[in-house]
Amino acid sequence: MNIFFVAVGMGLCALVFLVLYRAIFGPGVFNRIAAISAVGTKTLIILLIIGYVYNRVDMFIDISMVYALLNFIGCIAAAKYLEMER
Amino acid sequence: MRLCRYFLYPTQPGVIEAMEVTLFIHAADDAFRILENAKAQAVGLLDTATRLTSETRWMEEKKLQTILKGAHETRSGIQSFVITFVMLMGFWALLSGKFDAFHLSLGVICSLIVAYLSHDLLFANVRVGDGRVIVRRFLAFIPWLLREIITSNFYVAYLALSPKMPIDPQIMRFKTKLESDISWVVLANSITLTPGTVTIDIADREFMVHALDRKTAAGLDTGEMEDRVAHIFMEADHIYIQDVLDVSRIFAELKRGM
Amino acid sequence: MIGKSDDIIIKTIARIFVPFLQLYALYVIMHGHYSPGGGFQGGVILGASMALLLITHGYDELKRRLPEGVLLLLGSLGVLIYAGIGLLCLILGGNYLDYSQLSVILGVDAAHARSLGILGVELGVGFTVMAIMYSIFFDISTGGILPEDQRREGRVEGER
């Protein structure tokens, strides 16, 4: 089971790089925001998988919750900033 | 039928008068029987309609009246403070997992602070009704939503992976019949959660939805999701009850006429 | 200038989220010595919840809830708590922030006193970080111009 989770984590890491391409080269700022948000969600799952592998889910679940909340608020703040700029 | 025959084949005047009276009595009888049948059918319909809305029936009469008007209310300060405090305390126990006196007292203090700071946020716009019904219906809504997400997930994967990529992106707008902000948000998030469709904006009760394909757009256009969300928050019930009340008024007038 | 948001989805989600977010921040502060986190992290989450409220409900709503004076007071109070506990340890004959000296005042053994001392210090750090974080966010977002000033000078911008 551990192997399975490690494999899933590696796959998600690869997907993060795919999304990172869109974040760096993506045309326009909206693509970048969406890409960063997607990277955030993937990081959250990777954190949980790391917690499972090290048998410390109770610690990593706190971190991942904070990550999700800050990701949400950051995304909204960026969107609000763009709305003000217009 | 008999009336027709009488008008088609007139006979002598004396006979006609006697026949006329009996025929008219027969005709009135028939009409009366048809009306009675219609009334019985209507009463049956009314019964089924009230049985359909029986879930909202067991609330108090006063609440029923307010539901009929589709009213919204802001809970009073003390009530919302207490409810928020209890919910936050439960959340604290879920997070902390330590139940000794020290940590529980910390939790009580923190919950009191947060409840004081933001007790009017959580219940700013509550629909009058029974909370238990809403919770039960919401829990029943989740499996359906999960099934919908999984099926459309496969469909979107097929669209993305097929070499020709037969997508047809389009933006559709539709007016909603939902009334409270919380139900708008549940519907919008359900639409966004379902792969292939994204809610862009809600303005003036009009949803603006981006759909990836004609099929997903058509699936949204049937309005099944909206009906289910309306069912959760008892938004459509009062419309049905209003219908029944209107019909019953018409029936009362019919009865008086008879 | 940050005004009220007219997006129903964001507004409602924020309305439901903010109390739980604040409680979570306090949990992170209070349980800093058991689980990851502590004063700084909890303070950041608390500041983020304030920022979310500011973005979605506007400045007036936030001012009604938490006036600027209270915010400054909290920020200074946090520093006072931190320095006060440190100085108390110094006065009691230990090093700066040597929590085990607090056992004389609190009447518990050294290990428990250390735990309580850390809790107090983290509370102070959390308050200060929250106040300063929120102030920085607010100052950057307004560019130093308060809505009151605009209103006084009679050039109110339209709602955004």
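Convention: sequence-line order gives letters A, B, ...; per-chain numbering from 1. Just so you know, these numbers use all the heavy atoms, side chains as well, and skip hydrogens, waters and symmetry mates.
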Nearest-0.5 Å distance that lies between atom [atom1] in [X] and atom [atom2] in [Y]:
X	Y	atom1	atom2	result
B:Arg214	B:Thr216	CZ	OG1	10.5 Å
C:Lys63	C:Leu54	NZ	CG	13.0 Å
C:Phe138	C:Glu68	CZ	CD	5.5 Å

Problem set entry | Aromatic ring pairing B:Phe91/C:Tyr24, orientation class (parallel under 30°, perpendicular over 60°, tilted between) |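 Plane angle between 30° and 60°, so tilted.
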Exercise. Between B:His103 and C:His31, what is the ring plane arrangement, given parallel below 30°, perpendicular above 60°, and tilted in between?
Worked result: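 Correct class here is tilted.
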Contacting region of [X] [heavy-atom separation from chain C under 4.5 Å]:
X	answer
B:Tyr116	neither
B:Leu88	both
B:Trp184	side chain

For [X], is it the side chain, the backbone, both or neither that has a heavy atom under 4.5 Å from a heavy atom of chain B?
X	answer
C:Phe17	neither
C:Leu116	side chain
C:Ile29	neither

For this session: Please report the shortest heavy-atom distance between B:Leu187 and B:Met225, naming the atom on each side.
Result: CD1-CG, 3.9 Å
Problem set entry | Pick from C:Ile16, C:Val18, C:Ile13, C:Leu26 with the largest number of heavy-atom pairs that fall under 4.5 Å of chain B |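 Looking at each of C:Ile16, C:Val18, C:Ile13, C:Leu26 in turn, C:Leu26 comes out on top.
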Exercise. Of the listed residues (B:Ala188, B:Cys110, B:Ser111), which shares the most heavy-atom pairs with chain C below a 4.5 Å separation?
Worked result: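 Of B:Ala188, B:Cys110, B:Ser111, B:Cys110 has the most heavy-atom pairs under 4.5 Å with chain C.
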